[in-house]
Amino acid sequence: MTPTNVSKGTAPLPILSIAAEAAQRLGAAGVLVMPEGPLEWDLVRSVTNGDVDFLLASSSDRQVEAIKKAGLTAIELEPTEAGIAERITLALIEAVANDLLKAGARVVVVYSGFEAEALDSITVIRLGEHLERLSARDLRALETSVPFETLKAVVDTAVEIGREGREGKAVGSLIVVGDVRNVLARTRPLGFDPFKGYRRKERNVRDLRVREAIKEIAQMDGAFIVARDGTVEAACRLIDAPVAGLTLPKGLGTRHWAAAAITAVTKAVAVVVSQSNGTVRLFQDGEVILRIAPMRHARAMKWQDAESEPAPPRERDRERERDRDKEKEKEKDKDKSPPAKSSENGPVAAPRSS
Ligand SMILES: Nc1ncnc2c1ncn2[C@@H]1O[C@H](COP(=O)(O)OP(=O)(O)OP(=O)(O)O)[C@@H](O)[C@H]1O
């Protein structure tokens with residue numbers, strides 16, 4: 001018998017072979033591996049055999065690079081203290097977001113369940129309903145006006161702003177991407193621009209540090225203006241574009257109207273984070289084209305088409321709403337306070353002032 005050289009990097013190979021076989025037998029879409037450290041990636045590739053797709057998730061930049069260099073598919077995870085179940089979920093979500101897996105697919109997952117740093121467990125997961133509408137295709141459809149990578153970086157940043165806020169407070173934001181010359185011509189500075197004076201390569205939204213800076217600056221008033229290549233051209237700009245003739249779902253305020261307006265008169269795409277609830281909306285040609293509902297997980301974006309804005313209420317709900325409105329009217333008469341924002345349940349015409 002030839003002695004085999006078993007190291008930390010090669011020990012998981014048998015379990016990966018079993019996973020590959022299981023995936024084939026079950027007709028699974030692939031095998032997701034959650035290694036806790038470096039493996040012998042070239043050997044891992046020999047196990048994958050080309051018949052089954054292997055996805056290797058890692059939060060280490062070095063490992064991601066090594067995985068890709070070995071010709072394998074890497075899933076980049078954000079570093080997190082979360083438990084294994086949550087990390088598997090995040091990896092699956094990321095895989096679906098990047099079109100590596102489809103919602104509804106069955107996946108064999110290999111992970112470290114018992115012993116730290118040892119790939120010792122296999123489980124089979126069917127990607128659930130909650131991932132159903134998650135797709136990078138929606139963003140790709142917009143690629144004509146803005147490159148996918150830039151749009152994805154901006155949308156990721158927006159989702160993070162909506163989810164994290166700043167210093168315990170909810171934060172909203174407006175980021176206008178593309179057609180910079182025309183966009184800038186329809187905006188004016190609101191005061192100090194924190195990005196002024198930095199070199200182009202120091203202010204690209206694809207750079208994680210720049211994204212952190214955007215999240216910080218998002219607390220200030222005004223819009224970010226981002227070029228097609230991802231360079232932040234300006235921050236804290238007031239958009240001055242006409243809203244006449246536009247319609248938007250009820251309940252959206254001036255930030256959303258500004259986004260609709262600027263995309264109606266330019267070829268830009270605008271990404272808005274609502275301070276009220278963290279929802280991210282994408283605007284193009286003066287309309288909401290995508291709505292991303294806020295979710296708990298780090299990259300858990302739920303892409304929804306604009307048509308899936310909440311439907312108008314049914315008759316019984318309407319009656320209840322009318323009753324509530326009457327109550328509200330009474331309240332208002334009492335304290336003479338200005339009317340509250342209406343709920344987002346249908347289109348309204350543009351307000352008169354822009
Ligand atoms: N024309 C504009 N250009 C740039 N930024 C704007 C413009 N109008 C509003 N904003 C930004 O939007 C912020 C909030 O406005 P408002 O509360 O009316 O927005 P909203 O659409 O209701 O969104 P949210 O859900 O975040 O409250 C302002 O403080 C400002 O920073």
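For the numbers below, each heavy atom of this structure counts, side chains included, while hydrogens, waters and symmetry mates do not. Just follow the structure's listing: the first ligand is 1, and inside any ligand the first atom is 1.
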Colleague: Name the one of Ile217, Thr187, Asp221 that satisfies side-chain contact (heavy atoms from CB on, under 4.5 Å) with Cys236?
Modeller: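 Only one option passes, and that is Ile217.
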Colleague: Where's the contact between Ser276 and ligand 1, heavy-atom distance under 4.0 Å: side chain, backbone, both or neither?
Modeller: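 Answer for Ser276: both.
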Colleague: Out of Ala223, Gly172, Gly251, Gly253, who is nearest to atom 20 (P) of ligand 1 when you count heavy atoms only?
Modeller: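 The nearest heavy atom belongs to Gly253.
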Colleague: I'd like to check which ligand 1 atoms, numbered from 1 as shown, lie under 4.0 Å from a non-hydrogen atom of Gln275.
Modeller: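 Selected atoms, number and element: 24 (P), 25 (O), 26 (O).
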Colleague: What I want to find out is whether Glu149 reaches Lys152 closely enough, with some N-O distance under 4.0 Å, to be called a salt bridge.
Modeller: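 Looking at Glu149 and Lys152, the cut-off is not met.
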Colleague: Among Arg281, Gln219, His256, which residue places a heavy atom closest to atom 23 (O) of ligand 1?
Modeller: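 Considering heavy atoms of Arg281, Gln219, His256, the nearest to atom 23 (O) of ligand 1 sits in His256.
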Colleague: Between Thr263 and Gly286, is there a donor-acceptor pair closer than 3.5 Å when you use the side chain of the first and the backbone of the second?
Modeller: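 Present.
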Colleague: Got more than 12 heavy atoms from elsewhere within 6.0 Å of CZ, Arg166?
Modeller: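 Yes.
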Colleague: Within the structure, does Met220 bring an N/O atom to less than 3.5 angstrom of an N/O atom in ligand 1?
Modeller: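 No, there is no polar N/O contact under 3.5 Å.
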Colleague: Considering the heavy atoms of Ser274, write down every atom of ligand 1 situated less than 4.0 Å from one of them.
Modeller: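 In order of number, 24 (P), 25 (O), 26 (O).
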Colleague: Does a side-chain N-to-carboxylate-O contact under 4.0 Å join Arg228 and Glu233?
Modeller: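 No.
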Colleague: Look at the aromatic rings of Phe224 and Phe195 and report parallel, tilted or perpendicular, splitting at 30° and 60°.
Modeller: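 The rings of Phe224 and Phe195 stand perpendicular, inter-plane angle above 60°.
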Colleague: With a cut-off of 6.0 Å (strictly less than), are more than 12 heavy atoms of other residues, nucleotides or ligands near CD of Glu212?
Modeller: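 Yes - once you tally the heavy atoms of other residues, nucleotides and ligands closer than 6.0 Å, there are more than 12.
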Colleague: Going by distance only, is there an N or O of Leu238 that falls short of 3.5 Å from an N or O of ligand 1?
Modeller: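 By distance alone, the answer is no.
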Colleague: For the 3.5 Å polar cut-off, considering only N or O atoms, please tell me whether Gly222 and ligand 1 meet it.
Modeller: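 Yes - when backbone and side-chain N and O of Gly222 are compared with those of ligand 1, one distance drops under 3.5 Å.
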Colleague: Can you check which of Val171, Val272, Ile239 brings a heavy atom nearest to atom 3 (N) of ligand 1?
Modeller: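 Going through Val171, Val272, Ile239 one by one, Ile239 has the nearest heavy atom to atom 3 (N) of ligand 1.
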